[in-house]
There are 2 protein chains.
Amino acid sequence: MKRITIKDLAKHLLLSTSTISRALVNDKNIHPDTKKKVLDAVEKLGYRPNPTALNLKYGQSKNIGFVVPEMITPFTSKVLRGIQNILYPLGYRVIITESDENPLIERKNLLLLEEFNVDGIIINLCHKSYNQDLYQQIMDRGIPLVFFDRIPGKSLDASKVMVNDNIKASLMIEHLIDTGRKRIAHIMGPSTIRNSTERAMGYKRILTKHGIFDPDLMVKTEGATFEHGRSAAQQLVDKKIEFDSIFAFTDTLAIGAMNYLLEQHIKIPEEVAIASFSGTELATIVHPQLTSVEQPLVEMGEIAAGLVLEKIKDIESPSKTIVMDAKLIYRASTLG
Amino acid sequence: MKRITIKDLAKHLLLSTSTISRALVNDKNIHPDTKKKVLDAVEKLGYRPNPTALNLKYGQSKNIGFVVPEMITPFTSKVLRGIQNILYPLGYRVIITESDENPLIERKNLLLLEEFNVDGIIINLCHKSYNQDLYQQIMDRGIPLVFFDRIPGKSLDASKVMVNDNIKASLMIEHLIDTGRKRIAHIMGPSTIRNSTERAMGYKRILTKHGIFDPDLMVKTEGATFEHGRSAAQQLVDKKIEFDSIFAFTDTLAIGAMNYLLEQHIKIPEEVAIASFSGTELATIVHPQLTSVEQPLVEMGEIAAGLVLEKIKDIESPSKTIVMDAKLIYRASTLG
DNA sequence: CAAAATTTTGGTAACGTTCCCATATAGGTT
DNA sequence: AACCTATATGGGAACGTTACCAAAATTTTG
């Protein structure tokens with residue numbers, strides 16, 4: 001039951017621990033025969049190296065923290081997948097914390113991760129400014145921070161990866177206009193997130209350009225859950241605001257809205273078209289399937305992992321901001 | 001930038017490391033004044049304990065492995081939430097690996113986690129028998145294994161937590177019969193998972209009892225994705241098998257099937273009612289909302305975490321099998 | 001006031017591994 | 001044979017922390 005260590009091997013083979021270590025670490029200063037003997041004993045006794053010892057010795061925990069608002073929708077899962085693709089083969093572990101869209105919990109989670117001695121943190125923040133001071137502190141203490149999707153104010157010198165919200169939102173609005181929609185409503189994301197503002201700006205810009213902008217068509221929300229989407233759609237209907245399409249901040253909001261409309265026997269897309277930002281299966285598991293801006297989430301995770309590795313290797317390496325491309329995918333919710 | 005250690009504190013305060021340690025660990029053998037001085041210095045110099053040192057000393061990594069088929073649907077996320085509820089406050093970290101429903105990847109992941117030196121593993125397996133030998137080996141090497149949802153054959157002496165698939169499936173079929181359905185199809189789960197068989201048995205038993213069982217109504221699938229659900233529904237339609245309702249192995253399969261039917265302009269629930277196993281938001285984000293067996297997923301995670309902690313504390317403690325209750329929730333997909 | 005009892009502190013080994021330095025052995029050159 | 005150079009191995013410190021035992025300082029007791 002007791003773990004076999006390098007010392008046990010040494011005792012068993014009547015060698016020093018140094019020699020055993022050399023065999024294990026592919027040092028050239030060792031006789032091939034000795035090396036073979038050691039490797040055989042490793043097999044026979046079932047030795048497995050203890051990473052904790054190395055972590056202590058080299059002052060690294062080989063843990064990366066992952067701080068996200070939630071893991072219930074597939075959005076975060078896909079990014080995580082990308083992160084793991086890069087980090088697991090390198091022997092890093094990923095520790096996940098969910099902040100429930102609450103900046104206070106996010107704060108607690110960040111401190112917890114520091115306590116856990118992580119080598120770096122990848123974060124999708126839940127409030128654009130609330131924890132700015134802590135982000136800075138953590139980086140000052142030598143723990144690199146990498147932001148994805150929702151990024152902080154630019155005063156913070158950290159690596160970031162996201163899509164161009166403003167432009168992609170514009171393109172989606174152009175699509176809705178191209179398909180003959182004139183009364184395009186926007187279910188906004190929470191104002192505490194940068195992306196909300198960016199996407200709303202893209203929306204507003206195009207509608208203004210075409211001279212069909214109407215502030216009544218913008219619905220504010222406090223969050224981005226299905227329920228928020230539902231009640232946003234309900235508001236539009238209740239206030240008797242005329243609309244022939246919806247552009248929602250996220251697929252979650254879009255689906256919430258869609259469900260409400262379907263319950264009211266409003267036909268999609270005939271009476272109301274729906275489009276949003278996505279990148280997950282959510283866009284395709286609903287009926288009709290959702291037209292959306294497909295963000296490359298797995299790749300985003302891979303890039304975020306790469307960025308944090310750069311910083312771990314050299315904390316002084318310059319921060320990078322990577323803007324990824326996203327494709328517009330047209331599906332049944334706006335076509336037909 | 002360099003990390004402050006207990007030695008730095010000792011040097012700074014002209015005390016021994018032992019005394020510092022005593023102050024930090026709430027030992028009674030220390031003068032209150034000294035303790036205060038130490039605690040002040042901790043604050044001032046920004047000392048944070050290094051958990052890695054303790055891990056090495058006590059032979060624990062404080063890491064728990066989490067092995068699951070996927071993290072894209074909310075099922076696993078919810079269980080994870082429960083696990084974190086219990087383990088994070090105790091200073092444990094959770095390392096997640098996804099096996100993509102592939103026993104070979106699952107095998108690789110288990111070995112990786114062993115490499116990572118985890119203190120225990122919580123697993124939702126992807127094949128009822130394929131890795132049975134490895135499960136046993138890992139436990140033999142002193143790492144406790146706890147199974148949830150999909151459990152292995154009973155020859156394996158390990159703690160487990162799940163719901164009673166057979167009974168809950170029966171109750172759901174009774175519900176469909178109560179609401180007037182007579183041709184109830186069953187989209188089965190993969191035969192490589194115990195739960196599939198259990199749920200199918202419950203289904204068959206009740207239909208047989210009512211004398212309306214027809215093997216043509218059972219559709220086999222190779223997996224449990226949306227696509228599998230779609231094609232199962234398509235099979236039923238293509239083969240012109242008459243059916244007025246579907247009981248699906250999971251919500252994912254149910255939604256896939258539902259989408260196909262909706263595309264064929266088949267009315268739900270008027271023409272076909274749909275029910276399944278769930279416990280996630282998936283059941284409520286679709287239209288119409290799905291009637292389902294709501295499994296208590298967060299609680300399941302909490303219990304799994306508790307079971308693994310018991311085994312960590314005392315590897316000899318007896319294994320437990322916990323069967324949780326699940327509620328049937330009737331929604332629009334079978335009502336009206 | 002000395003002796004005993006108690007409280008407070010210091011010294012050090014240990015956890016598992018690697019790496020530097022020193023030592024020993026082998027082989028090769030005069 | 002004496003020397004030199006490679007090659008191969010051993011010894012021990014270090015990473016940060018705690019736990020044990022020993023030693024010192026303080027308080028209590030007769």
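Sequence lines set the chain letters: A, B, ... in the order given, protein chains first and strands last, and positions in each chain run from 1. Owing to the predicted nature of the structure, the values given are computational and were not obtained by experimental measurement.
Counting non-hydrogen atoms under 4.0 angstrom, A/S21 reaches a base of the nucleic acid. Here A/S18 lies in heavy-atom contact (under 4.0 Å) with a base. Base engagement by B/N29 is indicated by at least one non-hydrogen atom pair under 4.0 Å involving a base atom. Looking at heavy-atom distances under 4.0 Å, A/T34 makes contact with sugar-phosphate atoms alone, never a base. As judged by a 4.0 angstrom heavy-atom cut-off over every strand, B/L15 is placed among residues touching the sugar-phosphate backbone only. B/L14 comes within 4.0 angstrom of sugar-phosphate atoms only, judged by non-hydrogen atoms across all strands, and of no base.
No salt bridge links B/K37 with B/D33; every basic N to acidic carboxylate O contact stays at or beyond 4.0 Å.
Relative orientation of the B/F75 and B/F148 rings is parallel, given thresholds of 30° and 60° on the angle between their planes. Between A/F116 and B/Y88, the ring planes are perpendicular. Angles over 60° get that label, and only those under 30° would be called parallel.
Counting to the nearest Å, the P atom of D/dT26 and the NE2 atom of B/H31 are 10 Å from each other. Whole-Å rounding puts the B/L24 CG to D/dG16 P distance at 15 Å. To the nearest angstrom, P of C/dT18 lies 12 Å from CG of A/N55. Atom P of nucleotide C/dC19 and atom CG of A/D27 are separated by 8 Å, given to the nearest angstrom. Spacing between atom CG of B/N50 and atom P of C/dC15 amounts to 18 Å, rounded to whole angstrom units. Rounded to an integer number of Å, the gap from B/L54 CG to C/dA14 C1' is 13 Å. Whole-Å rounding puts the A/I6 CD1 to D/dG12 P distance at 17 Å. C/dG10 atom P lies 15 Å from atom NZ of B/K11, rounded to whole Å.
Using a distance-only test at 3.5 Å, with no hydrogens or angles considered, no donor-acceptor pair links the side chain of A/D100 to the main chain of A/N102. Using modelled atom types, one side-chain atom of B/S61 and one backbone atom of B/N117 make a donor-acceptor pair closer than 3.5 Å.
For B/S16 and C/dG10, the shortest distance from a side-chain N or O to OP1 or OP2 is below 4.0 Å. Considering only side-chain N and O atoms, A/Y58 lies under 4.0 angstrom from the phosphate OP1 or OP2 of C/dC19. A sub-4.0 Å separation between OP1 or OP2 of D/dG16 and a side-chain N or O of A/K57 is absent.
The residue among A/P51 and B/T19 whose nearest nucleotide of DNA chain C is located toward the 5' end is B/T19. Residues A/T17 and A/K7 each lie close to DNA chain C; by heavy-atom proximity, the contact nearer the 5' end of the strand is made by A/K7.
Across C/dG16, D/dC21, D/dT9, the shortest atom-to-atom separation from the side chain of B/R22 is found for D/dC21.
Contact of A/R48 with C/dG16 (side chain to base): no donor-acceptor pair of N or O atoms is detected under 3.5 Å.
For the residue pair A/S319/A/K160, the side-chain donor-acceptor check at 3.5 Å is not satisfied.
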